[in-house]
Number of protein chains: 2
Amino acid sequence: MKLYYWPGTCALAPHIALEEAGVAYTAERIDLKAGQQGSADYLAVNPKGRVPALATARGILTETPAILAFIAQSFPAARLAPLDDPFAFAQVQSFNSYICSTLHVAHAHRHRGARWASDESSFEDMRRKAPENMAACFSMIERMMLRGPWVMGDDYTICDPYLFTVARWMESDSVRPSDFPAIEAHTKRMSERPAVRKVLAAYTA
Amino acid sequence: MKLYYWPGTCALAPHIALEEAGVAYTAERIDLKAGQQGSADYLAVNPKGRVPALATARGILTETPAILAFIAQSFPAARLAPLDDPFAFAQVQSFNSYICSTLHVAHAHRHRGARWASDESSFEDMRRKAPENMAACFSMIERMMLRGPWVMGDDYTICDPYLFTVARWMESDSVRPSDFPAIEAHTKRMSERPAVRKVLAAYTA
């Protein structure tokens, strides 16, 4: 399998999950700064022009929650999700769907306003509101979702690398990590995992 | 189980899926026009203040893709997803995640700009761009995703009620259904299913 990624994006979540699963994979950088996601070569991989994308023997997968669940289901020995319990699995998926469709969308309004509007004044308005929306999302996670020590409680799941990934956006989104002590402790716990260290080391290499 | 819904929202997708699964359930309207989603009673059900929410014997589930996969996994006899094939299941999830995090978000910018900005001029700017974004999403689905006759090909899945649900937003979002003949044919095919007829009849009752 090959993961297409760029540091700083949500591709970090499946990247960590692949490491945790102990599976053989390669990773290829798609340089978002240089606009490589819009190149003909990459659009042939992922017509959406986004990362992550996961190339598998059966074809390409896109959308972070789908890739994360695929990794968990494909490598059950790694125990990355409660695969035999539809309700518990749905709770995992609900968390990941919230990250994807609410928190990540709130984040994108800081720099990607051109997706949804046309005027510079609108972009500026969105940028101003993004910190408040991000803080509201993290507050919801802190108060209602993160059970501790891991997102789903005692068991580490595919929710954990996803939360870790988006929590790293806090400071650039003008959200104070110390306002969310449970998430801050989760970030620290994640940072100590060998899989996480290995992926982050590769990012800065 | 009890589904909390409001006509015209994406709650229609799990509503149809529950019918297709042949499961006993009740449905309760949450009047979005009257702001009932923000009532203390409903926030106790779903602190996010959105529909759908599904009350189960084990607790509440939120987020449409998670609810849809839960219905498919909980009632395997209904064959609403390729449950024994992680790659095929991931394709189902990828489609549903795209609807949730890209198409639905594009739609929300027509009327819910206050989620992401503060000025009336920004809301107006977002409203103007929404039809173009919705058309781009439907074009991606028409060209790249909808295999036919159902979204995933020969097998009807939880992707189908979700596509049917959001395709019903086309006209109010100033998108011409006739520009997307494969989706239009899919809508017609869906409209003929007894489960769909039954749910829509209940909406207008």
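Remember, predicted model here, so these are calculated numbers, not experimental data. The sequence lines fix the lettering, A, B, ..., with proteins before strands; numbering per chain opens at 1.
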K.L.:
With a 4.5 Å limit on heavy-atom distance, are the side chains of Ser97(B) and Cys100(A) in contact?
P.N.:
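The answer is yes; the side chains approach within 4.5 Å.
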K.L.:
Between Met140(A), His104(A), Met144(A), who has the most heavy-atom pairs with chain B when the cutoff is under 4.5 Å?
P.N.:
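Among Met140(A), His104(A), Met144(A), the one with the most close pairs to chain B is Met140(A).
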K.L.:
For the residue pair Phe70(A) and Ala90(B), what are the closest heavy atoms and their distance?
P.N.:
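Heavy atoms only, the tightest pair is CB-CB, 3.8 Å.
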K.L.:
Heavy-atom count check: over 12 atoms from other residues, nucleotides or ligands less than 6.0 Å from Arg79(A) CZ?
P.N.:
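Counting neighbours around CZ of Arg79(A), 12 or fewer heavy atoms of other residues, nucleotides or ligands fall under 6.0 Å, so no.
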K.L.:
Counting neighbours of CZ on Arg176(B) that are heavy atoms of other residues, nucleotides or ligands and sit closer than 6.0 Å, is the number greater than 12?
P.N.:
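Atom CZ in Arg176(B) is not packed in, count stays at 12 or less.
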K.L.:
How about residues 108-139 of chain B versus chain A: which residues have heavy atoms under 4.5 Å apart?
P.N.:
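Within residues 108-139 of chain B, near chain A: His109(B), Ala114(B), Arg115(B), Trp116(B), Ala117(B), Ser118(B), Asp119(B), Ser121(B), Ser122(B), Asp125(B), Met126(B), Arg128(B), Lys129(B), Asn133(B).
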K.L.:
Highest number of heavy-atom pairs under 4.5 Å with chain B: which of Ala57(A), Ala69(A), Pro47(A)?
P.N.:
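Option with the greatest count: Pro47(A).
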K.L.:
Heavy-atom distances under 4.5 Å only: say whether Asp85(A) touches chain B with side chain, backbone, both or neither.
P.N.:
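For Asp85(A), the contact with chain B is made by the side chain alone.
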K.L.:
Tell me, for Thr56(B) versus chain A, whether the close heavy atoms (under 4.5 Å) come from the side chain, the backbone, both or neither.
P.N.:
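The side chain, not the backbone.
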K.L.:
For Phe89(B), which atoms come within 4.5 Å of any heavy atom of chain A: side chain, backbone, both, or neither?
P.N.:
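Interface part for Phe89(B): side chain.
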K.L.:
Should Ser101(B) and Glu63(A) count as side-chain neighbours, where that means a heavy-atom distance under 4.5 Å?
P.N.:
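In contact.
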K.L.:
State, yes or no, whether a side-chain contact exists between Gln91(B) and Thr62(A) at a heavy-atom distance under 4.5 Å.
P.N.:
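When only atoms from C-beta onward are counted, Thr62(A) and Gln91(B) do not touch, as no gap falls below 4.5 Å.
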K.L.:
Pick one of side chain, backbone, both or neither for Ser94(A), based on which atoms fall under 4.5 Å of a heavy atom in chain B.
P.N.:
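Both backbone and side chain of Ser94(A) come within 4.5 Å of chain B.
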K.L.:
Taking C-beta and beyond as the side chain, do Tyr98(B) and Lys48(A) meet within less than 4.5 Å on heavy atoms?
P.N.:
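Yes, side chains in contact.
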K.L.:
Of all of Leu61(A), Val105(A), Ile60(A), which one pairs up most often with chain B through heavy atoms under 4.5 Å apart?
P.N.:
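If we count pairs closer than 4.5 Å to chain B, Leu61(A) comes out on top.
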